[in-house]
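Owing to the predicted nature of the structure, the values given are computational and were not obtained by experimental measurement.
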Amino acid sequence: RAGAPFQYLAVQKAGAQQSVGLIQLNRPQALNALCEGLMEELRRALEALENDPQVGAIVITGSQKAFAGRAGCLSPPQILGGGGGWCPILFLFAAGADIKEMQNKTFQECYSSGFLAGWDKVSTVRKPIIAAVNGYALGGGCELAMMCDIIYAGEKAQFGQPEILLGTIPGAGGTQRLTRAVGKSLAMEMVLTGDRISA
């Protein structure tokens, strides 16, 4: 385990040589909504794993989500050795930013408090970061996945920027990163309609 216990994350080292830092988002009651507490813990976990000389790469994934028809595997996924392959269940990456936490904030409060400051920690870590997505990565969750160096998307992965459906726009670099990832036309369609795409 990296550092002090976490409320919203499960952090461990994985792999035959314990050289992969595994960060699992673990806020299932809120569909892994990215609240300030979760993002602070993510920054702390990333710093600990970045400073750990044993860790060569970091994987960020979601928590187990029980949808109808999911496969019957109950153990966490095996990553890079130690049993081979992914456990075939649906993992919710992140349903986005915590709207309940944000809804009463004014522009001035967000701007002066540095709201969303530090969300870019993922993109500044010097070790490779892999987003392992096999569920929903929406809004802030999609932005978090795009901040990673590599995205591995399972068959059930769904990506989207549905902020337009709430009368706002992506706020953590989604419009810029999405354009680079999928091209201008598809990015415009996703951002302006709120439609999702699959892997």
Side-chain angles (χ1 to χ4, degrees), residues 1-28 32 34-65 71 73-97 116-138 140-159 172-174 176-178 180-182 199:
R1 196 168 263 275
F6 296 103
Q7 179 180 353
Y8 302 117
L9 303 176
V11 180
Q12 64 185 31
K13 292 183 192 177
Q17 298 175 350
Q18 300 290 292
S19 59
V20 177
L22 174 61
I23 300 173
Q24 186 176 28
L25 307 179
N26 190 24
R27 194 176 175 224
N32 288 340
L34 304 173
C35 64
E36 288 184 39
L38 186 148
M39 294 308 291
E40 176 55 38
E41 288 185 6
L42 182 59
R43 282 190 293 276
R44 229 177 26 170
L46 288 169
E47 286 172 5
L49 293 169
E50 184 175 30
N51 293 325
D52 186 335
Q54 188 179 9
V55 173
I58 300 167
V59 175
I60 300 175
T61 191
S63 58
Q64 188 170 331
K65 174 82 171 122
C73 182
L74 299 176
S75 61
Q78 298 296 312
I79 296 178
L80 303 178
W86 289 97
C87 178
I89 56 178
L90 182 65
F91 278 83
L92 171 75
F93 189 72
L116 298 184
W119 271 51
D120 62 347
K121 176 62 180 170
V122 175
S123 60
T124 63
V125 171
R126 293 181 306 267
K127 294 180 180 179
I129 300 181
I130 300 166
V133 182
N134 195 29
Y136 296 108
L138 305 175
C142 184
E143 291 170 309
L144 177 61
M146 289 189 292
M147 288 180 206
C148 296
D149 299 301
I150 300 170
I151 300 174
Y152 283 120
E155 292 177 6
K156 297 177 181 172
Q158 294 278 317
F159 298 89
Q176 297 86 4
R177 288 186 178 96
L178 190 60
R180 290 192 293 263
V182 301

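Of all heavy-atom pairs spanning Met146 and Ala181, the tightest one is SD-CB, 4.4 Å. Residues Cys142 and Ala137 share a closest heavy-atom pair of CB-O, 3.2 Å. Closest heavy-atom contact between Thr124 and Glu50: O-OE2, 4.2 Å. Considering all non-hydrogen atoms of both residues, Ala45 and Val11 come closest at CB-CG2, 3.9 Å. Across all their heavy atoms, Ala157 and Ala153 have their closest contact at CB-CB, 3.8 Å.
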* To do: Apply side-chain contact (heavy atoms from CB on, under 4.5 Å) to Ile58 and Val20, showing your working.
  => CA-CA 6 Å; Ile58 300 167; Val20 177; over 6 Å; no
* Step-by-step side-chain contact (heavy atoms from CB on, under 4.5 Å) determination, Cys148 to Ile60 -> CA-CA 9 Å; Cys148 296; Ile60 300 175; 4.2 Å; yes
* To do: Begin from the C-alpha positions of Lys156 and Tyr136 and carry the test side-chain contact (heavy atoms from CB on, under 4.5 Å) through to its verdict.
  => CA-CA 8 Å; Lys156 297 177 181 172; Tyr136 296 108; over 6 Å; no
* Step-by-step side-chain contact (heavy atoms from CB on, under 4.5 Å) determination, Tyr152 to Val133 -> CA-CA 6 Å; Tyr152 283 120; Val133 182; over 6 Å; no
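When the side chain to side chain donor-acceptor pair (under 3.5 Å) test is applied to Glu40, the partners found at least two apart in sequence or on another chain are Arg43. Gln54 meets the side chain to side chain donor-acceptor pair (under 3.5 Å) test with Lys13; sequence neighbours excluded.
Between Ile129 atom CD1 and Ile151 atom CD1 the span is 12.0 Å, to the nearest 0.5 Å. Taking CG of Asn26 as the start and OG1 of Thr61 as the end, the distance is 11.0 Å to the nearest 0.5 Å. A distance of 6.0 Å separates CD of Gln7 from CD of Glu41, quoted to the nearest 0.5 Å. In this structure, Ile23 CD1 and Leu9 CG are separated by 6.5 Å, a value rounded to the nearest 0.5 Å.
You'll find the side chain of Tyr8 stays beyond 4.5 Å of the side chain of Leu25, heavy atoms only.
With hydrogens and angles ignored, the 3.5 Å screen pairs no side-chain donor or acceptor of Gln12 with any backbone N or O of Leu22. Remark: side-chain polar atoms of Asn51 are paired, donor with acceptor, to backbone N or O of Glu47 under 3.5 angstrom. With hydrogens and angles disregarded, a donor-acceptor distance shorter than 3.5 Å links the side chain of Lys127 to the backbone of Leu49.
A salt bridge does not link Arg177 with Glu143: none of the charged nitrogens is closer than 4.0 Å to a carboxylate oxygen.
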